[in-house]
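Order of the sequence lines fixes the chain letters, A, B, ..., with proteins taken first and strands second; residue numbering starts at 1 for each chain.
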Amino acid sequence: MGNILEIKNLVVNFYTYEGVVKALNDVSFSVDHGSTFGLVGESGCGKSVTARAIMRIIQEPGRIESGQVILYPETVDGNGSVDLLKQSEAYMEDLRGNQISMIFQEPNAALNPIMSIGDQVAESFLFHQKQILCETILSELSDGQHRPSKAVLMCLKTIYGKAADDGDSFFFKLLGSVPFLRNWDRRLKSVAIRRAVSLIGKLGIPQPERIVNLYPHNLSGGMKQRIVIAIGLASNPLLLIADEATSNLDVTIQAQILELLKILKKDGISSILLITHDLGVVAETCDRVGVMYAGNICEIADVREVFEAPLHPYTRALLKSVPKINQDDRLASIPGNVPNLVNPPSGCRFHPRCMAALPICRHEAPALVNAHGRHLVACHNSSVA
Amino acid sequence: MATFIVRRLLLMGLVLFGVSVLMFCILLTFSPERRAAAFVTSPQQARDIPKIIIQYGLDQPVYIQYYRWVKEISAGNFGYSTVAVSPVSEAFMRYLPITIEMNLFSTPLIIIIGIWLGTQAGIHKDKAIDQVTRIFAIIGWSLPTFLFALLLLMIFYGLFKLFPPGVLSNSVEMFIMNNPEQFIRYTGMYVVDGILNGRLDISLDALRHLVLPVVTQVTVVIAILVRVMRSSMIEEMSKDYIITARAKGADRKTTCFKHARKNALLPAVTVAGWLVALSIEGSVTVEVIFNRPGMGQWLVQSATQLDIPVILSVCMFLGLIYVTTNLIIDVLYAYIDPRIQLS
């Protein structure tokens with residue numbers, strides 16, 4: 001199985017007033033075609049930053065310093081790669097939501113409060129599937145159920161035919177700035193809304209025709225998260241990034257959403273990059289797991305390996321701190337705090353809290369090396385690795 | 001929606017009642033003699049002050065005087081203005097258009113430029129346009145109106161002789177006074193009347209006199225709107241739904257204007273509405289300095305000469321403006337933000 005996404009030596013810094021926050025320090029991992037990759041770690045370890053760096057939507061004052069984000073969109077065996085960090089903004093706009101899309105952790109904040117649900121979902125169609133929408137309109141026009149007069153029909157056919165060819169041409173920019181005439185795309189919008197209705201319906205939301213006219217505040221958290229997922233799925237992306245998509249939901253809703261993701265993966269999306277801090281979710285859904293700590297990847301392995309034979313001290317400590325029902329003694333925790341990334345610890349960023357730290361850990365950052373099979377770990381302590 | 005508006009209109013009556021009672025009580029803290037003195041024009045008449053007091057019942061209890069005032073007001077009699085030397089309602093019709101005319105130019109400028117500048121500054125935070133806007137906002141915000149107005153007057157009238165103070169040039173004013181039948185005062189606003197009478201030269205002359213007051217008004221008032229719009233734009237641009245929009249593939253224009261600006265407008269609408277009301281009231285300094293006989297100047301003179309009917313009526317009028325503006329803002333709010341339901 002080839003990769004769909006490969007991240008190499010990604011470095012992201014945030015230039016804040018306090019100083020430079022070294023949020024991602026040489027992050028590398030790859031996501032296989034047709035698999036679910038889980039990225040786990042504590043809050044603030046750089047999981048979301050990684051996701052946003054892939055999409056190149058890091059907000060000010062963040063900056064991607066170096067590295068590569070390689071997408072293999074064309075073939076399963078990995079020919080035809082694109083380094084996303086080298087592409088133009090226009091290319092990225094075309095790619096976002098189309099080939100890679102993202103669903104977010106806070107459904108309450110992730111939707112525009114004053115835009116109707118239908119408009120927000122339809123936007124994805126309008127951005128990426130103008131051509132298909134125009135063709136739909138054209139075929140409906142020639143079908144002629146509610147037929148306008150001949151002259152209007154001619155006009156509409158010309159306009160939508162033209163839009164199907166090249167919807168971003170200068171002609172449409174001009175048309176869009178003329179009052180009254182700028183409403184030419186009304187039909188386009190209504191077709192997009194119709195598609196939104198069917199998509200929302202597919203995600204198991206009752207009465208989608210009613211939902212599209214509502215606003216985010218009319219819906220419950222679980223419903224909103226489904227809408228966010230609908231936005232992400234609108235263009236059948238190759239890769240879906242789920243950034244803590246279930247973290248803020250009730251456990252029952254969480255289970256529903258995870259189930260939904262599983263089903264969707266079966267019949268459509270090729271791969272999922274699941275970002276979470278919940279090890280239970282990882283065990284439930286992922287094929288492969290990457291563990292992050294303070295902007296570094298410590299360990300990457302198949303999901304069974306990680307849970308059964310973790311190699312990195314941080315992964316071990318993390319697994320120990322998951323509560324178990326038949327546990328009588330105190331819950332294990334990792335001593336110390338998450339480091340401030342303005343002044344991260346030298347060497348291995350985990351060494352001040354590490355039980356198995358060696359003198360070398362203080363001044364030399366360990367490289368991510370292959371321990372055995374496809375199990376990668378970044379640790380100096382060979383008794384560990 | 002309709003019930004909401006009706007209820008607010010009823011509430012408006014209550015507010016006006018409150019304003020009138022308050023004003024009345026404040027004004028009646030002046031002694032009857034002091035109030036009667038407002039009618040006195042010559043030293044001989046001063047002997048008649050006790051007579052005046054009895055004749056107009058100035059020494060009667062407050063509620064009786066208030067009742068009498070309300071009765072007169074509801075009959076459409078707003079009293080006589082000694083400052084304007086005419087009945088209040090007549091003087092009102094003379095002064096109001098001057099103020100409205102100025103605000104007709106300054107208000108759209110404040111709203112359009114304010115929102116545009118604020119948006120641009122917010123989008124291009126810390127870039128050149130933001131820095132320049134902030135400097136102007138601070139100047140407009142911190143420079144006293146009278147000082148700014150005087151500076152403008154010194155430069156553009158004193159130095160360049162470009163934009164004179166007043167409402168019209170002397171020659172034009174003489175012409176209108178001498179030929180009332182050739183220049184009919186439809187609205188009382190010279191710019192509009194000039195067009196209606198087909199005298200574009202008069203319109204232009206009036207416009208020339210409007211430049212400095214409008215510039216002053218806009219510069220002073222716009223600062224608040226720009227700052228509110230800027231900060232609210234910056235706040236909205238950092239919200240999660242902007243990331244969602246970008247992840248959907250929205251270009252910069254769509255994220256800024258379709259998503260962020262509409263949300264950012266909410267606080268700006270409040271401020272803009274309030275500024276409109278404020279600038280109608282706050283034309284005082286501008287009108288005094290640029291010698292424009294509008295509501296502001298009239299109110300100032302009436303206050304210093306204790307022209308009580310004018311003070312009462314103008315305050316009621318300003319109260320009315322504030323309440324109406326608030327109502328319009330609330331309706332606009334519900335129109336922009338679906339989360340707000342008027343009921």
Under a 4.5 Å cutoff for heavy-atom pairs, which residue among Ala250(B), Ala260(B), Ala245(B) has the most contacts with chain A?
Ala250(B)

Going from [atom1] on [X] to [atom2] on [Y], what distance comes out if it is rounded to the nearest 0.5 angstrom?
X: Leu71(A); Y: Leu239(A); atom1: CG; atom2: CG; value: 7.5 Å
X: Ile243(B); Y: Ile57(A); atom1: CD1; atom2: CD1; value: 5.0 Å
X: Ile103(A); Y: Ile231(A); atom1: CD1; atom2: CD1; value: 10.5 Å
X: Ile54(A); Y: Leu95(A); atom1: CD1; atom2: CG; value: 11.0 Å
X: Leu199(A); Y: Ile205(A); atom1: CG; atom2: CD1; value: 9.0 Å

Side-chain heavy-atom pair Val21(A), Asn13(A) within 4.5 angstrom cut-off:
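Val21(A) vs Asn13(A): side chains apart.
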
Given side chains that start at C-beta, do those of Ile70(A) and Val82(A) come closer than 4.5 Å, heavy atoms only?
no

Are there donor-acceptor pairs under 3.5 Å across chain A and chain B? List atom names and distances.
from      : atom 1 : to        : atom 2 : distance (Å)
Gln59(A)  : NE2    : Met237(B) : O      : 3.1
Gly97(A)  : N      : Ala247(B) : O      : 2.9
Ala109(A) : O      : Tyr241(B) : N      : 3.2
Ala110(A) : O      : Thr244(B) : OG1    : 2.6
Asn112(A) : OD1    : Asn263(B) : ND2    : 2.8
Asn112(A) : ND2    : His259(B) : ND1    : 3.0
Gln120(A) : O      : Lys248(B) : NZ     : 2.9
Glu123(A) : OE1    : Lys248(B) : NZ     : 2.7
Glu123(A) : OE1    : His259(B) : NE2    : 3.1
Glu123(A) : OE2    : Lys258(B) : NZ     : 3.3
Glu123(A) : OE2    : His259(B) : NE2    : 2.8
His128(A) : NE2    : Lys248(B) : O      : 2.7

Residue, of Ala110(A), Pro216(A), Ala90(A), that accumulates the most heavy atom pairs under 4.5 Å with chain B:
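So the answer, after comparing Ala110(A), Pro216(A), Ala90(A), is Ala110(A).
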
